[in-house]
*Asks:* 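The structure's right below; bear with me while I get my questions together.
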Amino acid sequence: MESILLQALAGGVLIGIAASVLLLGSGQIAGISGIVANVVRGDAGPRQWRTLFLAGLIAAPLLWRAIAGPAPGSLDLSLPLIIGAGLLVGFGTRRANGCTSGHGVCGLGNLSVRSLVAVVTFMGVAAVTVFVVRHVIGG
């Protein structure tokens, strides 16, 4: 259990460093839904850093799996379920004008009240979802 906590801590530190380097180096917010939207639409200036950022997000877990095997706590899910979940998350982030990375990591760091409301909402819905899945429908 302790090793999983250390891995989560290391992951959180790496996310914080990456978001800080992006913000301090280019003034850009590391909000994944905004980065994806801008790459897909081709909006908001140069796409090269956004494309490389997304490539790193995709490559990192693949590299981890190739070197160390499945990550602790990873789930074996079908591709259609993963795609469906991704589409639902994408829809939700567009409705919320941002995602957990943009609001939770960057927005809270900038003391944004809007981000605080978004994060409280994300976490509240997540807690209710876990309770319903585990205790109501028995997942």
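Basis for what follows: all heavy atoms, side chains included, without hydrogens, waters or symmetry-related copies. Here the structure is a predicted model, which is why all the values come from computation and not from measurement.
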*Asks:* Distance-only check: which donor-acceptor pairs under 3.5 Å involve side-chain atoms of residues 110-126, not counting sequence neighbours?
*Replies:*
residue: Asn110; atom: ND2; partner: Cys106; partner atom: O; Å: 3.2
residue: Ser112; atom: OG; partner: Arg114; partner atom: N; Å: 3.4
residue: Ser112; atom: OG; partner: Ser115; partner atom: N; Å: 3.1
residue: Ser112; atom: OG; partner: Ser115; partner atom: OG; Å: 3.4
residue: Ser115; atom: OG; partner: His103; partner atom: ND1; Å: 2.9
residue: Thr121; atom: OG1; partner: Val117; partner atom: O; Å: 2.8

*Asks:* Which distance, rounded to the nearest 0.5 Å, do you find between the CH2 of Trp49 and the CG of Leu54?
*Replies:* 8.5 Å

*Asks:* OG1/Thr51 to CG/Asn38 distance, rounded to the nearest 0.5 angstrom?
*Replies:* 10.5 Å

*Asks:* Going only through I, L, V, M, F, W and Y residues with side-chain contacts under 4.5 Å, is there a path from Ile83 to Phe91?
*Replies:* no

*Asks:* Please round to the nearest 0.5 Å and tell me the distance separating atom CG of Leu22 and atom CD1 of Ile29.
*Replies:* 8.0 Å

*Asks:* Following the transitive rule for hydrophobic clusters with a side-chain heavy-atom cut-off under 4.5 Å over Ile, Leu, Val, Met, Phe, Trp and Tyr, establish whether Phe53 and Leu23 coincide in one cluster.
*Replies:* no

*Asks:* Sorted by first residue and then second, give each side-chain hydrogen bond (donor to acceptor under 3.5 Å, both in side chains) pair with at least one member in residues 7-26; sequence neighbours left out.
*Replies:* none

*Asks:* Report yes or no: do Val36 and Leu57 belong to one cluster of Ile/Leu/Val/Met/Phe/Trp/Tyr joined by side chain heavy-atom distances under 4.5 Å?
*Replies:* yes

*Asks:* Out of curiosity, does Ile17 fall in the hydrophobic cluster containing Leu9 (side-chain heavy atoms, cut-off under 4.5 Å, transitive links)?
*Replies:* yes

*Asks:* Quick check on the hydrophobic clustering: are Leu87 and Val40 connected, directly or via other members, by side-chain heavy-atom contacts under 4.5 Å?
*Replies:* no

*Asks:* List in chain and number order the residues that pass side chain to side chain contact (heavy atoms under 4.5 Å, CB included) with Phe131, two or more places apart in sequence or in another chain; answer none if no residue qualifies.
*Replies:* His135, Val136

